[in-house]
Amino acid sequence: MGKLASGRQALVVGAVCLAVLFLWPRLGAMGAKVPSSLVAVIVGMIMVPLFDMKVSTIGDLYSINADLHELHVP
């Protein structure tokens, strides 16, 4: 049940972000100055911790190595 609930929460976040993408440019001057994609990302970032949503992030799915690769001649 936990995986299904997180899927629904991810769907809600996606739907809200998609609504922001389509509705933000219609707000007039503010919508023309600030890109809707930036607003959608910020809304999603605020929404997840505010409502304590359990959605998977890139950090949950993958590990990012901060080490530099070795230089070598091919």
### Task
Run through the side-chain heavy atoms of Ile, Leu, Val, Met, Phe, Trp and Tyr, join any pair under 4.5 Å, and report what else lands in V73's cluster.
none
### Query
Are side-chain heavy atoms of V48 and Q9 found at a separation under 4.5 Å?
no
## Note on the structure
Here the pair of heavy atoms bringing P25 nearest to S36 is CD-CB, 4.1 Å
### Query
Who are the side chain to side chain contact (heavy atoms under 4.5 Å, CB included) partners of P35, not counting sequence neighbours?
S37, L38
### Listed once per pair and sorted, the side chain to side chain donor-acceptor pair (under 3.5 Å) pairs that draw on residues 43-52, sequence neighbours left out
D52-K54
### Query
Tell me the side chain to side chain donor-acceptor pair (under 3.5 Å) pairs involving residues 39-50, sequence neighbours left out?
none
### Query
Which residue pairs pass the salt bridge (Lys or Arg N to Asp or Glu O under 4.0 Å) test with at least one member in residues 36-45, sequence neighbours excluded?
none
### Task
If you link ILVMFWY side chains whenever their heavy atoms are less than 4.5 Å apart, which other residues fall into the same cluster as F22? By chain and number, please.
L18, L21
### Summary
Besides L23, the hydrophobic cluster formed by Ile, Leu, Val, Met, Phe, Trp and Tyr side chains linked at under 4.5 Å, directly or via other members, contains none
## Note on the structure
Residues at least two apart in sequence or cross-chain that pass side chain to side chain contact (heavy atoms under 4.5 Å, CB included) with V41, listed by chain then number, are M45
### Query
Tell me, which pairs form a side chain to side chain donor-acceptor pair (under 3.5 Å) where one or both residues lie in residues 11-30, sequence neighbours left out?
none
